[in-house]
Structures are given as C-alpha cells and as structure tokens.
Student: 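Provided herewith is a single structure, encoded as structure tokens, for subsequent inquiry.
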Amino acid sequence: MDFKFQIDLRGIIDILSNHLYSGPQVFVRELLQNAVDAIRARTQLDAEHEGEISLELVPHRGTNPATLVMADNGVGLAESEIHQFLATIGASSKRDELADRRSEFIGQFGIGLLSCFVVSDEIVVITRSARGPAATIEWRGKSDGTYTMKPLDRDIAPGTQVYLRCKPGCEEYFEPARVRELAEHFGGLLPYPIKVTAGRESQLVNSAGVPWRQEFSSDRERRATLLNYGRKVFEADFFDCVPLRSSAGQLDGVAFVLPFSPSLATKRTHRVYLKRMLLSENAENLLPEWAFFVKCVVNADDLRPTASRESFYEDELLDQAREALGNTLRDYLVQLARSDPKRLRQLIGLHYLSIKALAVQDDEFYRLFMDWLPFETSEGEMTFGEYRKQHDVVRYTPNLDQFRQIAQVAAAQSLCVINGAYTYDAELLERFGQLFPNGQVEIVDASALAQTFEELSLDEQERMFAFLQLADAVLRKFRCAAEAKKFQPAELPTLYTTDTAAYFRRSVDQAREISDDHWSGVLGNLHGKKRDEPYAQLCFNCLNPLVRKVARIEDKKLLERVIQMLYVQALLLGHHPLNSKEMAVLNEGLLGLIEWGVDAKRETGR
Amino acid sequence: MKSDHTTEVYELMDRAWQMEGAARVMALEQAVRLADSHHDVELGFSVRQSLIEAATFSGYPQPALVAFAWCLAQSDRDPERLGHANLLWQYKWIADSLYSFPEIPWQQVEETFKDLARRSEQAGSGARAVYKLYMKAAMHRGDRRAARRHHDKWAKSPRDTLTDCRACDIDAEVQYLAFLGKDADALTAAAPVLCGSHRCAEIPHITYARVLLPLVRLGRTGDAARYHLKGYRLVARNREFIREVASHIQFLALTDNLAEAVKIFEKHLVWAVETTDLDERFDYYLAGRFLLSRLTRAGRGDHRLRLPAALSDCPETRSLTADELARWISAELKSLAARFDARNGTDFCARSITASDKLHRLAQPFPLTSDRTASGKPKTRARLKASERGT
C-alpha cells in the first residue's frame, strides 16, 4: 500500500540541511544518535544488554550506487511506532516545533532519519522491536514524499538497520575513509563499540574511551596524557590543562590553557559532547565571559541542546554549570599562585587580561592577584606589587593623552604614573582604594601636577613680571593662560597642560563654528558658566636657560613673536592639534623670525 | 606627510578598540584632535563616526552630541563627500539623548525632532522613528496624553529603514505600558524578549531591569528575583546602563537585600556622579535615596557608605553615614528635579520623588543572599528556586 506524507518533504529537508545543520555530514551524527537512543531504550528493558553499532559500506557496482548500512542492536520499532514517527514529521514544518519533538525518542528518531535525505534520495529502514514478539518491518521512503511499508517474511535480530543509497554529488560521504573519520568525529566518546566495515576491513573507531576519565597513576601522568589529547584534538601545544567538573548539567571535561594571548575581540569556542555524542566544536556559551584564556572539551549528560543541536540552550542549569566551571578555573589559578608562583607568572604574562577581567568582578580574587598584574607606567611596565613596593600612593592617568603629557615631566619629578587607559586598568586601580582602607589612589592630571611645581622667589617674580603680563595678553586669543614656575627637566622650556573639561569646551566651540543656527544654539547650552575660561595653561620653566634669556628680550614685537612660537611648539610637542589661528601664528611667526634674523644680520653687516 | 598622521590616527583608533568605556572614548577624542590638527576633514569625519558610536554605547552622551553636530554640519557643507548613510541613524541616538540635558530648552528638543523628521523624509524613510522619539520624550516629561498620542501614531506606522530592531521596539512598548501603570500588559508585551526569542546589543539587558518593579507590584517577586540575577550581570560593566543598575538597586532595597544593594550602590555611584546624563543621574540618586531610607527604617542609618573620589561636592571625607548621604542626595535630587521640571514645564520629576516614598508599602523581604559565599559570589541558585516555590 502507498502512503503519502501529506507534507512537502523537500521543504523540510531544505530547512534541515540549509538552516538547522551546519552541513550534510551531520547525517552520521543523527544516525549514531538514533542508534544510541535505541540501545539506551533497550538497556532499560534488559540491564545486561550490550549495545553495538556498525556501519558497513557497499561500494557502487554497475548502475547501483554506493550504499551505507547502519545497524544497531537497540530496541527497534514496532509498526505502530513507525506510524508515530511519520506523524511527527508530518505534524510540523517549523524548526522550533521540530526541535521540541526531539525530546521524545520516537520524534527524535524520525527527525534524525530525515537528515539522511540530504545524502540519499531513498532510505530503507528494516527494524524489529525488542518488546515482545514482533514482526520485522521494512519501510522504504523517498525524498519526493512517498513511502511504502510492509512486514518481511524473514526475521532479523531485534534492532534497526538503515540503508542509504548515495545521491549523485554526495560520493564523498560514502568513502570508507570519510565515514570512519565522521564516525570517530561524532561518536569517538560513545560508550558502545562502533565498527566501520568496508570490504574486508573492519575497524573500531571508539576504542580509546573518554580520555579525562581514565585512571592515572599520578598528576604528572594525567597532565601528560591530557596535553597529548589536546594536541591531537586542537593541534596546539597548550600551556596547561585543568580537569573540569560540574554537578549541574552533569558535566565533566578538561580546559586547555592557551599557549598565546587571545585577542579580546575573538569569541572563544569549545568542543562539547552531549551524552558523549559530539554536539559542537564551536559552542560559545559554556564559560563565564572572563575565562577567555582556555579552550575546553567537555561532556554534559544533563544540558539541553539548542534547536540546531550545536550548542547549549541558555537556561538556569547552564547558568549553574557555567558558574561551577568558572569556579574550577578560578580555583586552579588560586592553587597555582600557592604551589607554583613561577608558572603563574608565565601564565599571567600570557593571560593577564583574563585575570584582570575576573579581578574586576571578584574581590577575593582581586586581593590574591592584584599584586601580580602588569601595568604600563611612566617608568616602563611593572606589576602592581612592584609599583606598591616603591610608591605609597597609587597615581594613574585615566587616558593616554594625560599619560603622554605627564610622562614628559614625571621622571624628573620623581613621580611614577600608571597609564589607566587600557581595558580594566582604571577600574582595578580605583578598586584598590575601595578594598583597602589605607590604599591611597589618586587620579593625576597634568594641570594639577603643574600646580605642584616650585613657585618663583619674589625676586624672580619681579624679573618675570613684565614677561608674564605680555605672555598672558598674547595667549589670551588662544584661550590659554600663562604661568611661570621652576620644574625638572630643565631642558623643557614650557609645559602645555589642559584637561578633559577644556578639551570639551574646545570641541564645542569648534563644532559651533561650522554649525547652522539651530545646532549652534543647542551646543551653546552645553558651555554652562565656564564659557570664557581658558582652555589651557602654558607653564614657562624658569630653570630653562632659553626661557631665562627670552624673558630679558626688550623688543616687544620680537618678544610677542617668541612667546607665540613657544606656545605653538609646546602644542606640537604634546600632539595637540593646531586650529586655524594657531596655524597662522606658526606661518607668520616663522616668516617674522626669518625677517628679523635677516634684518639683524644686515644691521650687523652695515 | 599625509600618510604619517593617517597612520597615527589609525593606530590610535586600534588602541581605542583595545580599551573600554571612558578610555575608549578619550582615545577616540584624541584621534579626532589629531585628525583636526592636520585639517583632515574626511579623516576627522570618519573618526568621529566611531566616537559617536563608542560614546553613545558607553554612556557618554556629551561628546557624542558635539561630534555629531560637527559631522552633520560638515555633511551639509559637502554631502557628496561626507554624506554618510549612518548619519541619520546616529541622529536618532543623539535626538534621543537631548532631553536628558536640562540646559537644552524644550523648544530646541522639539525643533531637533522636526529637523530629523524632515531629513528622514528626504531620505525616503517614514516617521516611525520620530514618533517613538516624541513618545519617549513625552514619558520623560510625564505627559501621559502626549505619550498616548505619539504611541498610537508610532504603533500604526509601518517599519522602515530607520526603524529600530524588533527587540528595541518591544522594549519601548514595555516601557510605555509600565509608564501608564499597566503592569500585566507590560509583562505580556515583554514575553518575547524575556523568553529569549528577540535580543540585540542592549536587549534583554534593559528589559530585565524594566520589568522588576512591575513584577513586584504584581506580587511576582520570585520572577523579579530571577530577572535581577540574570540582568544585573549584563549591565554591571557598562555606564550606558546606569538607569538599569538603579532599577536593580531599587529591587534589592524593596526585597530587603540591603547588604547587596549597598554594595552595588557604592560600586556604581561613581558613574552617576560623573555622568553628564543628568536624567540617568536623577534615576540613580532616586534609587539610592530609597535604599538609604530603607537602611534608616531598618535602624541602620548610621551605616557608613564609601564614596567615590569624584564626589567633590560632598564633604572631603570619603565616607558618610546613610543618614548623612540621604540628606545630601535628597538635596541633589531636589535641585535636579527643579531644573528638569522648569525646562519641561511639568512637575513630573518632583512627583517622581514623592512617588518613590510610597514604594515602602511594597517592600517585603525576599532573601537572595542566604546561599552566597563570603566572597559575595552566589554558590548555587537551587535554594533560591526553593524559596520561589514557597511564595
């Protein structure tokens, strides 16, 4: 008798192959999954039953295409159950609903079988139920949606055999080497022997078992074995390995510490097994965000897969498992700090970003690790511990720009300043003050620093008075105030300092210059009361010989020019942008100085 | 010469993307200054595009606004070269941030919306995005009638190229319903986000925080607790989410988890103090004030809280008792409310303060901390679930 699915099977196959699965090769996983489910169901009937799975390849001969026969000695299907799985397939063509049906054995069976249409236009299933006396049934389905079903005269042992005939274009999936590779890839950790046969050659693909569950005579042996396993799976020589275990999700496995510093931007992915069947090589959501320094292989017996069966579903159980794994990795680091500080230092050299990410959110961890973490300072890179040994107060700049301004004078001022601009750094430094009542943390900015420079004596002030008055007047049009102090290094004639608020006022003015009335009005509100305050200060260094000489110039015109040039030079030194007025000064100033120089020469030449 | 500064600007941008939050914004600002110093308008434009995005999505609306105004003006001058498709999209973010500056008059806010509407029409987009802006601005002002009017226009407009993603639109609907006090409807509307079928870079983060109070009002504290635990983690590291952190603090205060609430409040107070988004600061202080009054009612008004260094308006000491801080925060709130209400021509902010005082009657202990270890990390959530069943 002929039956019709009543659905557009091609549509479903399209959904499965193009949207739900990563590629045609997953049919091997689906067949293995069906076999494993069937064997588990049979073990429930008979605890002593020993499951077996075999894949046999019959090469193509004449017009007959190559055939793959997958056989298991699982629970098998009765006729009524076959009707049930067909109903499941027919019931829905939506991928979410398909996914829901996978939770039951029969539904899973049908959907798993469908994936085989991706490589075969015809599927034959011969099955006999292990539940009581049952007939052997043959089901023959075609991808156009028709199928036949009949009892066979000859009986097979209870279990299921699936015959797939190679579809043109899918030959690679019927090559013995490829089938062996896929069977090992997906089923390498399965607890039932999987035999792949082609011609006379028969091979067991999963004899090794679960590597991290082996008995080890010592930690050293475990480490060597697991690192070897990591090398085989990921083709990398890992720094270290950490056994993982979580009761939530019944999960275990091993985390490999990456031998290089990962980029913050790339997602770390992991190889995950569900009930010892490979689920995904690229599962993303397994670990807490901070733990991007490891790559894992894990098996979970009790987590829900997503619709595509390629990662885990985000639920409370996964949350708990993630947290347990996070704690294991955290404990590993803490343990390493106690037992092998040298190795820890090496690890931090590679993975300080991961460790900083955890320290930011975990106070106890912070207390243990902060001293080991590296920071960029004005005296080069050092750990926080080294910094604190030399400095009572933690001083940092919140951005690169301030760091550059201050780095010009910091060493000469016997200040050591940390660059807090990098990810997590400012947060970590700020936290120090919060966690340790005696820990003093200061944000340094260049303007504040300039305030601490040595003031001039009364005599010096007198000598500089006229000069400063003129400088103030000259620099007013640049919204810059002039000061004179004494500071190291003496070679530096001036220090141009500004702060974030000043930059902001400057950016507002700049945008208003070109905006229409509406936007100019909107921006005008942002200035508040500070509208006319200077953007910056130019601090002349009275220890500098040039500045001393300049202050004695009596030619007012020349002095104006020199002040403007010193101002522009200070801007250029600190990588500050020149606006159009400042550009004009640079040009006029150069020309003026040349003219003055030539005139002076002519005068002396006369 | 040209390649020199271009290389340096790109290096700075690269470094910026290795940083986060404030540091990233500052590094991009520095790259802008460098491009400007070489009068390289095209480069300045492209760096500002990054700056607008980085600043908007890490909670720094001011530099975003200024950079945007510059880009808009440049693009108007030379649309051929600098007509960026992104600009209208960014305009939406900027327009949405304007009313959180009390110094910007309401008339200018509305003129900006009109300017955006005109430009989006020119670009062939509909008015849907602008209606949403009007609706959100009306909610900010506490104007229920205007909010309804614009909501209905928004809901009726077809989706177009300037429309926010579905997750964001769902969240706006939830915000609107919760604003009207329709808690049950708000939760129904939130379902597709809460169950995870719609999400984006900011959703469900914001929605989790948004449903906390409606859930408590509906007596579904157990669900609220679940979303608190899921949601706080998502917002804890980005200043963009000050308002959401405030909702989590309010929830913890309502459920008598005072130690946890104080810890979180202390940790993020620096964000509220430093932000230029005064609307968000208002919400944070409001949640803080409620927490402090819970402390007082629990007889812990003398508990000392640690304050961030940035709180320069406060007395030199780095710590205050809950009662002292409450007095300071109340004064700040009052002055913020006065500024907003004067600009908005309503009394909504002042009323929000009074409304917050009435939250005490909703307060009911719902312990979350019993299963936490000394380090403050939750060990397992199993016990939380058990207590949830109990309610």
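Naming convention: chains lettered A, B, ... in sequence-line order (proteins, then strands); numbering from 1 in each chain.
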Student: Looking only at heavy atoms and a cut-off of under 4.5 Å, which of A:E427, A:M583, A:Q402, A:E513 has the most pairs with chain B?
Tutor: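 Most pairs with chain B among the choices: A:E427.
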Student: Checking A:Y396 now: which residues fulfil ring pair (Phe, Tyr, Trp, His ring centres under 6.0 Å) with it, not counting sequence neighbours?
Tutor: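 None.
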Student: Can you find a heavy atom in the side chain of A:F312 that is under 4.5 Å from one in the side chain of A:L317?
Tutor: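 No, their side chains stay 4.5 Å or more apart.
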Student: Please flag which part of A:I514 lies under 4.5 Å from any non-hydrogen atom of chain B: side chain, backbone, both or neither.
Tutor: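 Contact with chain B is through both the backbone and side chain of A:I514.
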Student: Ion pair present between B:D223 and B:R226, side-chain N to carboxylate O less than 4.0 angstrom?
Tutor: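 A salt bridge is present here (some side-chain N lies under 4.0 Å from a carboxylate O).
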Student: Could you tell me which of B:R24, B:K267, B:K230, B:M26 has the largest number of non-hydrogen atom pairs under 4.5 Å with chain A?
Tutor: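 Option with the top pair count is B:M26.
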Student: Looking at B:E111, B:Q62, B:E266, which makes the most heavy-atom pairs under 4.5 Å with chain A?
Tutor: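 Heavy-atom pair counts peak at B:Q62.
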Student: Looking at A:Y503, A:Y422, A:F365, which has the largest count of heavy-atom pairs under 4.5 Å with chain B?
Tutor: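 Option with the top pair count is A:Y503.
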Student: Quick check on B:A27 against chain A: is it the side chain, the backbone, both or neither that has a heavy atom closer than 4.5 Å?
Tutor: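 Neither part.
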Student: Looking only at side chains, do A:E316 and A:Q320 share a donor and an acceptor under 3.5 Å apart?
Tutor: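 Note: A:E316 and A:Q320 side chains miss the donor-acceptor criterion.
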Student: Determine all donor-acceptor pairs shorter than 3.5 Å in which one atom belongs to a side chain in residues 432-444 of chain A; sequence neighbours excluded.
Tutor:
unit_1 : atom_1 : unit_2 : atom_2 : d
A:Q434 : OE1    : A:R431 : NH1    : 2.3
A:E442 : OE1    : A:R395 : NE     : 3.4

Student: I need the residue from B:R77, B:E29, B:Q74 with the largest number of non-hydrogen atom pairs under 4.5 Å to chain A.
Tutor: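 That would be B:R77.
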Student: With chain A, which of B:L12, B:D115, B:T112 has the greatest number of heavy-atom pairs at distances under 4.5 Å?
Tutor: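 Top option by heavy-atom pairs under 4.5 Å: B:T112.
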Student: At a 4.5 Å cut-off on heavy atoms, which part of B:T276 comes close to chain A: side chain, backbone, both, or neither?
Tutor: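 The answer is neither part of B:T276.
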Student: B:Y99 vs B:W106 aromatic rings, parallel, tilted or perpendicular, using cut-offs 30° and 60°?
Tutor: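 Tilted, since the angle between the ring planes falls between 30° and 60°.
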Student: Under a 4.5 Å heavy-atom cut-off, does chain B meet the side chain of A:A421, its backbone, both or neither?
Tutor: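 For A:A421, backbone and side chain are both near chain B.
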Student: Between A:D363 and B:K263 (salt bridge meaning N to carboxylate O under 4.0 Å), is one present in this structure?
Tutor: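 The answer is no: the pair does not qualify as a salt bridge.
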